[in-house]
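Heads up, the thing below is written out as structure tokens.
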Amino acid sequence: MNHEFQPAPIPERVRQIDELPGPPGIPFLGNALQINPSKAHQQFERWAAEHGSPYRLKIGPKQIVVWADHRVANQLLRSRPDAFRRGGRISEVLDEMRIGGLFAAEGAAWLSQRKLVMQALNVTHFPGFYPTLQKIALRLHARLTRLCKEGREVDMLHELTGFTVDAVCALAFGTDPNTLEQGPDRIQKQLQRIFPMFMKRLLAPVPYWRWFRLPQDRALDSALDEVHAYVRTLIDGARAQMQRHPDRPPANLLQSMLAAGAAASTSGDERHPFPDAAISANVLTLLLAGEDTTAHSLAWTIFHLCGDPALQDELAEQAREVMGRDAVCSDYQLLQQFDLFEATVTEAQRLNPVVAMLSFTPTSATVVDDVALPPDCIVYIVSRPDMADASNFHDPERFDPHRWLERRHGAAHEPRAFLQFGAGPRVCPGRHLAVVQMRLVLSTILNSFHMDLACTPESIEEMNAFTVMPSRMPVHLRPRH
Ligand code: HEM
């Protein structure tokens, strides 16, 4: 199915998982008690530094192998869907939460959903969609201007997440929930409960919630009920609009899925991939996959920019040259000139990857590197160690966005170690949308404001809620002109 991937030759001596080095665990639970889900990536990174790559772990009865090696990561990512699937419980846990859309799907269901999502998020739609993005960016600008005038601290995590939720909803579902202006949105809050619990369930030694519910599980259930009811209103609204205008082609992803579902059911295909439950799961998948990843990458970028006022000035100068005095970039094509803005986000993602861990499970017994993997084991890739390694990136601790734009003779630069959007057949279908949003948001902020952190950098912690977010990002703004 995948023609890019060439299986590596099988080495002469193959190691079993038990032969790998790794931290000692305890009977039955293995290493489970040593892993705090919200800090799991840091623990996995520390073990990689201590035991090398690969090393082994056990969580309950599950055998786990962890690599901190981009060559292995590329091999696994590109060998899907045939040789590897998403790791461990990811798909089951998402399905149980009724959010098992494209991210969780495998096999034929994945392929049909993938085609539709790729089509809906294709860059060819962006010029037509740009006025909507501009409108949302103008709202962000107006809010920041007001907070700046009032001399108030800006909660950047809140502002950025509001922006990304509104942008994904507008493009994929044709609605504008205006979370940016409607204050702390209830659905937004319920969405924020889902990923931390997802992470806990992923790393739990046994799936206890299938036998009894703790208070945290009951809180998750009611959050899920609420977001599913909200999605139901989106679906009903889209369906009503399609009935009012039956001759119009689908205008967004939600309408495309409804049209595909309707076509399959009228043709009598019982196995059609888009019953309402699958549509609802995909609406939530896109919301969840699209909002935090982009907002958190931007938040980490702002963190690094606050420590580098000279770079802020350089970006502001570029923004001013292209945008003049406009609050928001007036033309989609002009965004092409903001390569340094994208490089700045890429560099922030290198130092503070929001995707710090990727996981896989082999579809049958196989050998990777020189390690024999049984079909029920879990493989984790930790992404940061290789991005912080001097053999891959020259002067790796330095925040240096220009490294992504200039070829420097003799300086190590290995872009294949940067896997923040994944790779291969399941590479992130939202990456182009994410990049457009990042160029737009950063140019909007930097053309108008200087930013300073409103707390010490050390007080900001990394929190793993499937994507790694900063614990907070309070910023003071000063007008630039
Ligand atoms: C900075 C922003 C983003 C980052 C870092 C990111 C990262 C990723 C990564 C690492 C994967 C897994 C790829 C793989 O398995 O090879 C992924 C998958 C996915 N992403 Fe993103 N993403 C971002 C933004 C978005 C946006 C804006 C959307 C949509 C609105 C989106 C939708 C998805 C979906 C649906 C998948 C599942 C694809 C599949 O399994 O076939 N992402 N993303």
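We count ligands from 1, going down the list as the structure has it; atoms in each ligand are counted the same way.
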Work out whether the distance between some heavy atom of Arg114 and some atom of ligand 1 is less than 4.0 Å. yes

Hey, is Arg85 close enough to Glu106 for a salt bridge, meaning N to O under 4.0 Å? no

Number the atoms of ligand 1 from 1 as they appear, then name those within less than 4.0 Å of a heavy atom of Thr294, with their elements. 1 (C), 2 (C), 24 (C), 27 (C)

Stacked cation flag Arg86 on Phe103, 6.0 angstrom / 45 deg: yes

Leu77 heavy atoms, cut-off 4.0 Å: which ligand 1 atoms fall inside? 16 (O)

Between CZ on residue Arg71 and CG on residue Asp369, distance to nearest 0.5 Å: 6.5 Å

Option set Gln420, Arg426, Arg431, Gln437, criterion heavy-atom distance to atom 5 (C) of ligand 1, minimum: Gln420

Any Lys/Arg nitrogen of Asp166 or Arg139 sitting under 4.0 Å from an Asp/Glu carboxylate oxygen of the other? yes

Can you list the ligand 1 atoms lying under 4.0 Å from a non-hydrogen atom of Ser297? 1 (C)

Distance to 0.1 Å, residue and atom name: give those for the protein heavy atom nearest to atom 35 (C) of ligand 1. Leu286 CD2, 3.6 Å

What part of Ala289 sits under 4.0 Å from ligand 1 if we count only heavy atoms: the side chain, the backbone, both or neither? both

Using 30° and 60° as the class limits, which term best fits the ring planes of Trp47 and Phe44: parallel, tilted or perpendicular? tilted

Tell me whether Arg350 forms a cation-pi arrangement with Phe393, defined as NZ or CZ under 6.0 Å from the six-membered ring centre and within 45 degrees of its axis. yes

Which of the atoms in ligand 1, numbered in the order shown and given with their element, are less than 4.0 Å from a heavy-atom of Gln349? 1 (C)

Ranking Leu171, Val117, Thr293 by closest non-hydrogen atom to atom 24 (C) of ligand 1, top hit is Thr293

Would you please determine whether Arg86 falls within less than 4.0 Å of ligand 1 on a heavy-atom basis? yes

Between Leu102 and ligand 1, which part of the residue brings a heavy atom under 4.0 Å of the ligand: side chain, backbone, both or neither? both

Taking only heavy atoms of Ala423 into account, list the atoms of ligand 1 that are under 4.0 Å away from them. 16 (O)

Phe418 and Trp404 aromatic ring geometry - parallel, tilted or perpendicular at 30°/60° bounds: perpendicular

Nearest option to atom 22 (N) of ligand 1, as decided by whichever heavy atom of Pro429, Cys428, Ala105, Ala434 sits closest: Cys428

Name the orientation class of the two ring planes belonging to His141 and Phe449 (parallel below 30°, tilted from 30 to 60°, perpendicular beyond 60°). tilted

Can you tell me if Arg193 uses its side chain to pair, donor with acceptor, with the backbone of Gln190 under 3.5 Å? no

Hey, which atoms in ligand 1 end up nearer than 4.0 Å to a heavy atom of Arg80? 14 (C), 15 (O), 16 (O)

Kindly identify the option in Phe421, Phe103, Trp110 whose heavy atom sits closest to atom 9 (C) of ligand 1. Phe421

Give a yes or no on whether a salt bridge exists between Arg416 and Asp386, defined as a side-chain N under 4.0 angstrom from a carboxylate O. no

Atom 26 (C) of ligand 1: of Ala295, Ala73, Gly290, Gly87, the nearest heavy atom sits on Gly290

Smallest separation among heavy atoms of Pro131 and Gly128, with atom names: CD-O, 3.4 Å

Run the numbers for me: atoms of ligand 1, each under 4.0 Å from some heavy atom of Met438, listed by number. 1 (C)

